[in-house]
*Asks:* 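Input: one structure, supplied below.
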Amino acid sequence: MTQNGKVISVEGDKAKVVVMRRSACEGCKQKNLCAGVSDGCSDGKPVEAVAKNTMGAGVGDEVVLESSSMRVLGMTFAVFVLPILVAFAAYAVASSFLQTKAVYIISVISFVVPLALLCYLLNRAVKKNPGIEIVKIIKKEI
């Protein structure tokens with residue numbers, strides 16, 4: 001996955017880069033014909049990202065960022081799918097032993113606790129290794 005951005009600060013071997021968030025409609029050829037498209041669908045919003053500065057980019061440089069698609073998919077699975085699977089498993093186990101409303105409480109707790117733990121652990125992992133790297137300097141700021 002690649003995206004262009006502009007370096008706003010450099011700290012050691014990492015750079016803070018502003019990128020324009022892509023909308024879900026950006027790559028669609030039918031976006032102008034779609035009834036679900038709002039006026040601002042293709043307008044991105046600026047987002048700050050921390051990237052490994054392997055190219056030695058400086059403040060003001062326009063750069064190309066790259067991240068592993070597998071890493072993004074893995075984090076998406078961990079945050080969105082895994083907690084739901086754990087909650088369903090907890091519901092199935094709890095409902096086989098209990099016949100009360102406690103089954104629902106156990107399911108909710110088994111959803112919220114792993115989700116919070118996963119978010120905390122992923123946040124720590126991303127701070128250590130952002131997984132985003134500057135691979136090219138498009139325009140050097142003079």
Side-chain angles (χ1 to χ4, degrees), residues 1-98 101-142:
M1 189 163 132
T2 62
Q3 194 164 3
N4 295 352
K6 187 172 186 174
V7 178
I8 58 172
S9 69
V10 176
E11 201 171 296
D13 65 338
K14 293 188 173 110
K16 190 178 282 190
V17 183
V18 172
V19 295
M20 295 304 286
R21 182 181 297 168
R22 294 179 180 170
S23 79
C25 303
E26 184 176 335
C28 181
K29 294 178 182 177
Q30 302 296 323
K31 70 180 176 185
N32 294 332
L33 304 174
C34 182
V37 175
S38 66
D39 291 335
C41 180
S42 61
D43 295 337
K45 296 179 181 176
V47 177
E48 290 183 5
V50 176
K52 291 180 192 174
N53 190 4
T54 55
M55 300 298 294
V59 176
D61 292 352
E62 291 182 28
V63 296
V64 176
L65 302 171
E66 186 174 86
S67 62
S68 166
S69 295
M70 288 305 292
R71 182 178 168 112
V72 172
L73 289 174
M75 287 188 176
T76 302
F77 177 81
V79 171
F80 292 107
V81 179
L82 198 56
I84 293 172
L85 294 176
V86 170
F88 279 131
Y91 177 79
V93 170
S95 65
S96 66
F97 292 110
L98 303 170
K101 291 184 180 182
V103 171
Y104 301 113
I105 295 169
I106 291 170
S107 297
V108 169
I109 291 170
S110 67
F111 175 78
V112 172
V113 171
L115 180 62
L117 183 62
L118 275 170
C119 287
Y120 173 75
L121 293 174
L122 287 174
N123 190 31
R124 285 185 56 168
V126 167
K127 283 184 179 181
K128 286 182 183 177
N129 180 12
I132 303 171
E133 185 176 343
I134 296 174
V135 293
K136 183 179 179 183
I137 298 175
I138 300 172
K139 184 178 175 187
K140 193 94 169 141
E141 184 68 26
I142 300 174

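All residue numbers in this chain count up from 1 along the given sequence. Here the structure is a predicted model, which is why all the values come from computation and not from measurement.
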*Asks:* Work out which heavy atom in Val7 is nearest to a heavy atom in Ala15; give both atom names and the distance.
*Replies:*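 Heavy atoms only, the tightest pair is CG1-CB, 4.1 Å.
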
*Asks:* Give me the one residue out of Leu65, Asn4, Val63 that meets side chain to side chain contact (heavy atoms under 4.5 Å, CB included) with Val19.
*Replies:*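 Output: one option passes, namely Leu65.
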
*Asks:* When rounded to the nearest 0.5 angstrom, what is the spacing between NZ in Lys52 and CD1 in Ile134?
*Replies:*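 Here the rounded value is 12.0 Å.
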
*Asks:* Heavy atoms only: give me the nearest Glu48-Lys16 pair and the separation to one decimal.
*Replies:*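 Shortest heavy-atom separation between Glu48 and Lys16 comes out as OE1-CD, 3.3 Å.
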
*Asks:* Minimum heavy-atom separation for Ala78 to Leu122, with atom names?
*Replies:*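 Between these two residues, the closest heavy atoms are CB-CD1, 4.2 Å.
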
*Asks:* Inspect the contact between Lys6 and Glu62 and indicate whether a charged nitrogen and a carboxylate oxygen are less than 4.0 angstrom apart.
*Replies:*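 Looking at Glu62 and Lys6, the cut-off is not met.
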
*Asks:* Could you go through Glu66 and Thr2, starting from their C-alpha distance and side-chain angles, then the distance that decides it, and tell me whether this counts as side-chain hydrogen bond (donor to acceptor under 3.5 Å, both in side chains)?
*Replies:* CA-CA 4 Å; Glu66 186 174 86; Thr2 62; over 6 Å; no

*Asks:* What distance do Asn53 atom CG and Glu11 atom CD have between them, rounded to the nearest 0.5 Å?
*Replies:*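 Spacing of CG (Asn53) from CD (Glu11) equals 12.0 Å.
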
*Asks:* Walk me through whether Val64 and Ile138 qualify under side chain to side chain contact (heavy atoms under 4.5 Å, CB included).
*Replies:* CA-CA 7 Å; Val64 176; Ile138 300 172; 3.5 Å; yes

*Asks:* Looking at Ile132 and Ala49, what are the two nearest heavy atoms and their distance?
*Replies:*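 Scanning both residues completely, I find the closest heavy atoms to be CD1-CB, 4.1 Å.
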
*Asks:* Rounded at 0.5 Å granularity, tell me how far CG in Leu85 sits from CZ in Phe77.
*Replies:*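 With rounding to 0.5 Å, CG (Leu85) is 5.5 Å from CZ (Phe77).
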
